[in-house]
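Okay, so here's the structure we're looking at.
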Amino acid sequence: MKIATWNVNSLTVRLQQVVAWLNSNPVDVLCLQELKQTDEMFPKEVFQKLGYHAWWRGQKTYNGVAIISRLPGDEVVGELPHLEDPQRRFLAVTVQGVRVVCLYIPNGGELDSDKYAYKKQWLAALFQWLEGEYGRYPRLVVTGDYNIAPAALDVHKPAMWEATPIFSPEMQESFRQMLAMGFGDCFRTLHPQEVQYTWWDYRLGGFSRNQGLRIDHILASPAMLSGLASCVIDKIPRGWDRPSDHAPVVATFE
DNA sequence: ATGGCTCGTGTAACGAGA
């Protein structure tokens with residue numbers, strides 16, 4: 001099973017790129033973040049024609065997540081329990097016994113902001129929910145835009161980013177907490193030393209200078225990790241015209 | 001030293017992103 005995640009920064013703008021990418025990368029499951037469109041706008045017919053089922057949680061202007069899958073799915077959950085959250089950032093679906101989770105973890109603004117407090121509150125609710133899922137679903141894959149760089153290797157300028165909610169020591173610890181739960185970071189597991197990013201700033205020629213961050217992740221439970229055959233960050237769409245600032249990440253499980 | 005781009009909204013700038 002091939003599972004991918006991609007923050008598209010507006011599905012309205014990026015739809016043709018998503019279709020083009022799927023045509024050359026026919027993954028089984030694709031998790032999308034930052035749809036930036038209402039539920040009525042979601043192009044379900046486009047994905048149906050490509051042979052995909054789809055589930056989505058949208059809202060006006062910001063956020064929004066979707067999961068599309070070749071095989072049917074069930075046990076759909078569209079919000080985190082115990083968190084009153086008007087922002088659409090969470091979606092989970094079970095496909096062929098694999099529990100797939102699509103996350104758009106809050107950015108966090110500045111360290112002293114309400115947005116950072118919200119990010120921490122959101123993560124606490126996520127961890128609480130994941131503890132339950134972990135026991136319930138041996139085959140569990142948690143994908144998405146984490147807005148957390150796990151280690152210095154994943155950050156172009158670690159000292160600068162340490163002063164932000166993307167790479168603060170506290171957020172590095174949060175990521176380690178997820179690994180301590182038993183999850184493996186698919187990319188880092190297969191490529192312990194490689195410097196590869198999933199996001200590059202639109203400004204400053206971030207992509208051409210390869211100044212970026214690795215903040216989009218696929219985490220897998222031990223039962224899934226034992227079958228992990230590859231994990232690739234696909235930089236090609238980042239070089240297209242009007243690209244998303246994020247690259248897709250693809251994990252293949254045997 | 002600052003902001004440098006790309007979104008949506010709505011039709012001008014502005015907030016948000018990371």
Side-chain angles (χ1 to χ4, degrees), chain A residues 5-18 21 31-43 56-66 85-90 102-123 126 143-175 187 195-217 233 235 237-249:
Chain A
T5 180
W6 193 6
N7 179 325
V8 291
N9 184 19
S10 171
L11 184 58
T12 310
V13 172
R14 229 66 66 192
L15 180 59
Q16 291 319 308
Q17 293 194 19
V18 173
W21 187 82
C31 299
L32 299 169
Q33 302 88 34
E34 281 208 85
L35 308 183
K36 294 188 171 179
Q37 62 184 192
T38 55
D39 282 338
E40 300 75 48
M41 296 168 71
F42 186 84
W56 60 95
R57 291 282 285 164
Q59 67 180 97
K60 196 178 176 183
T61 312
Y62 301 118
N63 311 309
V65 288
D85 188 9
Q87 303 189 23
R88 305 302 194 210
R89 299 175 171 277
F90 175 87
C102 177
L103 305 176
Y104 177 41
I105 294 177
N107 170 301
E110 306 292 326
L111 286 179
D112 60 356
S113 69
D114 290 346
K115 288 179 183 175
Y116 190 40
Y118 165 63
K119 184 177 194 173
K120 288 186 275 191
Q121 188 188 12
W122 204 94
L123 283 169
L126 173 68
T143 79
D145 177 357
Y146 280 64
N147 270 316
I148 299 173
L153 205 58
D154 304 309
V155 184
H156 175 249
K157 283 179 181 162
M160 184 185 95
W161 285 95
E162 226 169 67
T164 77
I166 302 297
F167 189 54
S168 60
E170 204 172 9
M171 285 298 115
Q172 295 177 50
E173 179 55 32
S174 285
F175 196 88
F187 180 82
V195 175
Q196 279 196 46
Y197 304 131
T198 65
W199 173 89
W200 301 262
D201 203 313
Y202 284 124
R203 301 165 292 183
L204 289 164
F207 183 61
S208 53
R209 303 203 280 183
N210 196 30
Q211 298 183 351
L213 305 168
R214 192 175 71 90
I215 52 176
D216 300 85
H217 308 296
I233 298 167
K235 288 169 74 170
R238 188 61 177 80
W240 291 344
D241 281 341
R242 287 188 85 183
S244 166
D245 41 0
H246 295 254
V249 183

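Quick note on labels: first sequence line is chain A, next is B, and so on, each numbered from 1. Bear in mind the structure is a predicted one, so any value in this text is a computation, not a measurement.
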Report task. Using side chain to side chain donor-acceptor pair (under 3.5 Å) as the criterion, point out the one residue from A/T12, A/T61, A/N9, A/N63 that pairs with A/K36. Result -> A/N9

Query raised in the report: Nearest to the side chain of A/K115, which nucleotide is it out of B/dA16, B/dG4, B/dC7?
Result: B/dA16

Requested in this report: For A/Q59 and B/dA16, give me the distance from atom CD to atom P, rounded to whole Å.
Outcome: 13 Å

Query - Six-ring centre of A/Y104, A/R89 cation under 6.0 angstrom, axis tolerance 45° - result: yes

Report task. May I ask you to say what A/T61 touches in the nucleic acid, namely base, sugar-phosphate or nothing, with a heavy-atom cut-off under 4.0 Å? Result -> sugar-phosphate

Query - Nearest-neighbour nucleotide for the A/R203 side chain, B/dG15, B/dT9, B/dG4 considered - result: B/dG4

Query raised in the report: Base, sugar-phosphate, or nothing: which does A/Y104 touch, judged by heavy atoms less than 4.0 Å apart?
Result: sugar-phosphate

Report task. Mind calculating the distance between OH (A/Y118) and C1' (B/dA16) to the nearest angstrom? Result -> 13 Å

Report task. Go through B/dG8, B/dT9, B/dC5 for me and flag the one nearest to the A/Y202 side chain. Result -> B/dC5

Report task. Rounded to the nearest angstrom, tell me the gap between atom CG in A/N147 and atom P in B/dA16. Result -> 15 Å

Query raised in the report: Counting side-chain heavy atoms from C-beta on, which of B/dC7, B/dG8, B/dG4 comes nearest to A/R14?
Result: B/dC7

Query raised in the report: Atom CG of A/L15 to atom P of B/dC7: distance rounded to whole Å?
Result: 14 Å

Requested in this report: Mind calculating the distance between CG (A/L204) and P (B/dG17) to the nearest angstrom?
Outcome: 19 Å

